[in-house]
Amino acid sequence: MSIAKPLKKAVAAVILDLDGTLINTDGILGDVLKALLLKYGKQWDGREAQNIVGKTPLEEAAIVVGDYELPCSIDEFVTQITPLLYDQFCNIKALPGANRLIKHLSGHNVPLALASNSPRAYIESKISYQQGWKESFSVIIAGDEVRAGKPSPEIFLEAAKRLHIEPSSCLVIEDSLPGVTGGKAAGMEVVAVPSIPKQTHLYIAADEVISSLLDLQPELWGLPPFDDWIDGTLPLEIWHIGGPVVKGFGRGSKVLGIPTANLSTKGYSALLSEHPSGVYFGWAGLSTRGVYKMVMNIGWNPYFNNTEKSIVSLTLKQLMIYSYLNIFSK
């Protein structure tokens with residue numbers, strides 16, 4: 001039986017960010033920047049990804065133009081990149097837990113606002129591909145509808161004003177540091193869902209930090225709880241991953257005292273980006289040995305300073321002597 005956590009503060013409305021919080025735009029933006037920079041003989045290496053999170057399009061453009069010393073103005077760069085982005089908006093996917101959260105809150109008549117640094121046209125285009133989202137928000141406010149975007153608190157204060165709810169009674173859910181800063185400056189409660197791996201320690205201003213929207217507990221904020229948890233476990237749609245067991249570092253046996261099976265991530269980068277870090281349970285199938293119960297960890301291990309998401313399956317000891325696992329996770 002799980003122990004109930006104490007109420008943090010009762011809120012009356014929720015204000016959500018869009019990019020990096022509800023939808024996964026990082027991959028799309030990276031692909032577009034990679035293609036555009038090649039025309040200038042430059043190679044996008046992602047080194048500025050952390051610096052552009054939460055920024056307005058003009059601020060993002062200024063960073064890229066400056067850091068890559070491009071022979072064009074900021075406005076010219078925006079003009080070039082805008083149609084490329086629009087072409088990709090249809091491919092943007094909702095982040096884990098986004099649809100569940102929006103459906104849950106709107107279904108319980110919790111006032112919802114969407115507050116994004118993106119221009120209004122960007123927002124309208126992006127959410128048009130997400131079924132049921134637009135009508136779920138009582139208020140949608142864009143970065144080009146306020147004098148100053150995040151980290152200024154203006155966009156959050158305007159959202160609260162349009163919701164007719166006091167700022168102190170609003171909960172902000174954000175993935176970026178500018179968003180967290182702006183939400184706190186507006187006098188609101190803030191839950192951070194960092195979109196950049198292994199950066200949780202930077203979000204000290206947030207009232208709570210979670211790894212994905214699936215981890216949000218609305219009841220801690222006086223909101224209706226989810227009813228899909230079973231004994232502390234969240235059932236998910238079944239998904240499959242399989243591949244050769246690659247030789248690890250012996251860390252499982254040495255540090256944990258448990259033999260572990262590291263699966264190759266080759267060919268699964270896109271799939272892994274669609275699932276949050278965490279501990280999953282399911283089944284591991286072996287062609288010659290049948291199916292076994294399995295616990296699998298997917299994520300960025302800060303202790304070992306992983307450079308990419310890893311897949312570590314904790315299974316029965318005899319699985320370690322075989323070379324191929326098929327994982328079915330729930």
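Any value given below was found using the heavy atoms of this structure, including those in side chains, with hydrogens, waters and symmetry copies removed.
Heavy atoms of other residues, nucleotides or ligands lying less than 6.0 angstrom from NZ of K93 number 12 at most. Other residues, nucleotides and ligands contribute only 12 or fewer heavy atoms inside 6.0 Å of the CD atom of Q131. Within a 6.0 Å sphere centred on CD of E219, other residues, nucleotides and ligands contribute more than 12 heavy atoms.
Distance check: Y203 OH to L177 CG gives 4.0 Å after rounding to the nearest 0.5 Å. Between N117 atom CG and D17 atom CG the span is 7.5 Å, to the nearest 0.5 Å. One distance of note links SG of C72 with CD of Q80; it measures 5.5 Å at 0.5 Å rounding. Residue I15 holds its CD1 atom at 8.5 Å from CG of L171, rounded to the nearest 0.5 Å. To the nearest 0.5 Å, the span separating CG on L22 from CG on N24 amounts to 11.5 Å. Separation of atoms CG (L101) and CG (L223) is listed at 9.5 Å; rounding is to 0.5 Å.
Of all the heavy atoms in Y68 and K42, the pair that sits closest is O-CE, 3.1 Å. Nearest heavy atom pair, residue A115 against residue K150, reads O-NZ, 2.8 Å. A pairwise comparison of heavy atoms in P153 and A186 identifies CB-N, 3.6 Å as the closest pair. Heavy atoms only, all atoms of each residue included: D175 and S195 are closest at OD2-OG, 2.6 Å. Contact record, L7 with L220: CD1-O, 3.2 Å, taken as the closest heavy-atom pair. Contact record, I210 with L213: CD1-CA, 4.4 Å, taken as the closest heavy-atom pair.
Residues V191 and V172 fail the side-chain proximity criterion, which asks for heavy atoms closer than 4.5 Å.
With hydrogens and angles ignored, the 3.5 Å screen pairs no side-chain donor or acceptor of S125 with any backbone N or O of A121. For K103 (side chain) and G107 (main-chain N/O), no donor-acceptor pair under 3.5 Å exists by modelled atom type. Between the side chain of S169 and the main chain of I165, no donor-acceptor pair closer than 3.5 Å is present. Side-chain atoms of H104 come within 3.5 Å of backbone atoms of P224 as a donor-acceptor pair (strictly under, hydrogens ignored). Not a single donor-acceptor pair under 3.5 Å links the side chain of E60 to the backbone N or O of P57. Side-chain N or O atoms of E158 include none that pairs as donor or acceptor with a backbone N or O of I155 at under 3.5 Å.
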**Request:** Apply side chain to side chain contact (heavy atoms under 4.5 Å, CB included) to W133 and L18, showing your working.
**Result:** CA-CA 11 Å; W133 282 22; L18 181 61; 4.2 Å; yes
Hey, mind stepping through T21 and L95 against side chain to side chain contact (heavy atoms under 4.5 Å, CB included) and telling me if it holds? CA-CA 7 Å; T21 300; L95 284 164; 5.6 Å; no
Worked verdict on S118 versus D19 for side chain to side chain donor-acceptor pair (under 3.5 Å): CA-CA 8 Å; S118 290; D19 299 292; 2.8 Å; yes
**OP:** Apply side chain to side chain donor-acceptor pair (under 3.5 Å) to W44 and D31, showing your working.
**Re:** CA-CA 9 Å; W44 169 254; D31 290 342; over 6 Å; no
Requested in this report: Determine, stepwise, if the pair S116 / Y122 fulfils side chain to side chain donor-acceptor pair (under 3.5 Å).
Outcome: CA-CA 10 Å; S116 170; Y122 276 34; over 6 Å; no
Checklist entry - side chain to side chain contact (heavy atoms under 4.5 Å, CB included) between F156 and E174: does it pass, once the steps are laid out? => result CA-CA 11 Å; F156 296 113; E174 270 279 358; 3.5 Å; yes
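Linking Ile, Leu, Val, Met, Phe, Trp and Tyr whenever their side-chain heavy atoms come within less than 4.5 Å puts Y129 and I140 in one cluster. The hydrophobic clustering, which links ILVMFWY residues whose side-chain heavy atoms are closer than 4.5 Å, places L114 and L157 apart. Neither L58 nor L37 shares a network with the other; the hydrophobic side chains, linked directly or stepwise wherever heavy atoms of I, L, V, M, F, W or Y lie under 4.5 Å apart, form separate groups for each. When the side chains of ILVMFWY residues are joined at heavy-atom separations under 4.5 Å, either directly or via intervening members, L33 and I74 end up in two distinct hydrophobic clusters. Hydrophobic clustering places V193 together with L16 (ILVMFWY residues linked when any side-chain heavy atoms are closer than 4.5 Å, directly or through intermediates).
A salt bridge is defined here as a Lys NZ or Arg NE, NH1 or NH2 lying under 4.0 Å from an Asp or Glu carboxylate O, and D207 with K9 fails to meet this definition. In this structure, E145 pairs ionically with R120, as a charged nitrogen and a carboxylate oxygen lie closer than 4.0 Å. The pair E208-K8 does not meet the salt-bridge criterion, since no charged nitrogen lies less than 4.0 angstrom from a carboxylate oxygen.
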